[in-house]
Structure formats: structure tokens, C-alpha cells
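Working notes for the structure below.
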Amino acid sequence: MRIFIAVLVLIFSFQSWIKAETYSCNYQWNDEIRSSVERRSGSTFTSIYEDGNKSTWQEVIEKKDRIILIDSLNSVFMKVIWKDEKKFTMVGLNSDHSKTTNIIHGICRVIK
């Protein structure tokens with residue numbers, strides 16, 4: 001029984017270690033190129049902004065071909081990383097139409 005539990009602990013430890021990747025994405029915003037970095041640690045994604053600030057996405061839904069990141073503060077922000085195409089789509093939604101963002105598209109690369 002102890003061996004079985006030890007094997008399970010090792011399997012789960014390696015799974016979170018294996019799922020460590022970073023997506024570096026670029027997009028155009030108001031005629032300038034911006035970048036965003038999404039770093040995965042296990043099943044958690046953290047955004048690292050150009051100014052060095054960090055925030056963790058509240059919900060992560062992963063499918064075979066995409067990763068959906070959702071954060072709801074005053075608005076709901078959603079970012080979809082299309083794994084096979086190495087692209088992303090992002091939007092911010094709000095009940096106040098003036099606070100809803102345009103849909104942003106960009107390209108990504110996976111870095112370690």
C-alpha cells in the first residue's frame with residue numbers, strides 16, 4: 001500500500017512539473033506592438049505584464065486544441081490560446097457597453 005501511494009505522489013508531482021510552459025504573445029494596440037506573457041505552473045496561469053506586474057487567471061479551461069483563461073473583476077476578461085495555430089484571441093466584456101473592449105488577436109510562441 002505504501003508503494004502504491006508513493007507511486008501516485010510521484011505521478012502527480014511529475015504531472016505538474018511537465019505542465020510548466022510559457023506563452024509569449026504579441027498583438028497590435030493603438031498602432032503599437034504590445035506583448036503579454038502567460039506562464040503555466042501546473043494548472044495555474046499567471047500573466048506577466050510589460051511593467052513587471054503579475055496576476056493569476058481565476059479560471060482555466062483546457063481542451064485539446066485551446067486554453068481558455070477567464071478573469072472576472074468588474075469586467076469579465078477572456079483569453080483563448082489556440083495551441084495548434086499558436087495564436088490568441090482576447091476580449092473584455094462588461095454590462096456597460098462603453099467598457100467592453102475590442103476583440104484582440106495576436107500570435108504566440110511557446111517558450112520554456
Side-chain angles (χ1 to χ4, degrees):
M1 185 67 166
R2 287 184 183 178
I3 293 173
F4 177 73
I5 292 173
V7 169
L8 282 177
V9 168
L10 285 173
I11 288 172
F12 286 115
S13 296
F14 282 117
Q15 280 183 342
S16 64
W17 179 72
I18 291 171
K19 289 197 175 212
E21 59 198 353
T22 301
Y23 290 86
S24 175
C25 303
N26 296 314
Y27 59 97
Q28 186 168 346
W29 179 262
N30 293 333
D31 296 327
E32 65 181 64
I33 301 297
R34 293 194 179 181
S35 64
S36 74
V37 174
E38 310 303 331
R39 180 167 290 148
R40 176 203 298 253
S41 176
S43 61
T44 301
F45 274 84
T46 301
S47 291
I48 303 167
Y49 302 104
E50 292 174 347
D51 63 2
N53 286 328
K54 297 178 184 180
S55 69
T56 301
W57 289 89
Q58 291 178 345
E59 295 195 39
V60 177
I61 302 168
E62 185 161 7
K63 302 290 184 181
K64 179 181 173 187
D65 64 335
R66 64 191 172 271
I67 300 168
I68 304 165
L69 306 171
I70 302 169
D71 194 10
S72 56
L73 301 169
N74 294 329
S75 298
V76 176
F77 289 93
M78 182 171 63
K79 184 173 194 173
V80 180
I81 299 173
W82 306 96
K83 294 180 193 179
D84 297 336
E85 296 147 357
K86 295 187 175 53
K87 296 180 180 181
F88 80 94
T89 306
M90 181 171 60
V91 67
L93 305 172
N94 193 296
S95 62
D96 179 352
H97 180 70
S98 67
K99 295 181 181 177
T100 295
T101 69
N102 290 330
I103 297 173
I104 298 169
H105 301 278
I107 57 172
C108 298
R109 60 190 175 99
V110 179
I111 57 176
K112 293 274 178 174

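Positions are given from 1 along the sequence.
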Tell me if the CG atom of Asp96 is crowded by more than 12 foreign heavy atoms within 6.0 Å. yes

Are Lys83 and Glu21 close enough for a salt bridge, meaning some N to O gap below 4.0 Å? no

Sidechain-backbone polar pair: Thr100 side chain, Asn94 backbone, donor-acceptor under 3.5 Å: yes

With rounding to the nearest 0.5 angstrom, report the CG to OG distance, Asn26 to Ser36. 8.0 Å

Sort out for me which residue in Gln58, Lys79, Met78 forms a side chain to side chain contact (heavy atoms under 4.5 Å, CB included) with Asp71. Gln58

From Ser72 OG over to Trp57 CH2, what is the distance, rounded to the nearest 0.5 angstrom? 10.5 Å

Not counting sequence neighbours, list each pair that qualifies as a ring pair (Phe, Tyr, Trp, His ring centres under 6.0 Å) and has a residue in residues 69-100. Tyr27-Phe88

With a 4.5 Å cut-off on side-chain heavy atoms, are Ile103 and His105 touching? yes

Kindly work out whether a path of hydrophobic side-chain contacts (I/L/V/M/F/W/Y, heavy atoms less than 4.5 Å apart) joins Val60 to Ile81. yes

Val80 and side chain to side chain contact (heavy atoms under 4.5 Å, CB included): which single residue from Ile68, Leu69, Ile70, Ile61 fits? Ile68

Can you get from Met90 to Val110 by hopping between Ile, Leu, Val, Met, Phe, Trp and Tyr side chains that sit under 4.5 Å apart? yes

Point-to-point distance, once rounded to the nearest 0.5 Å, from OG of Ser35 to CD1 of Ile48: 10.5 Å

Any chance NZ of Lys87 has more than 12 other-residue heavy atoms, nucleotides or ligands included, within less than 6.0 Å? no

Rounded to the nearest 0.5 Å, how far does CZ of Arg39 lie from OG1 of Thr46? 8.5 Å

Within a 6.0 Å radius of atom CG on Asp31, are there more than 12 heavy atoms belonging to other residues, nucleotides or ligands? no

Do Arg40 and Glu38 meet the salt-bridge criterion of a basic N to acidic O distance under 4.0 Å? no

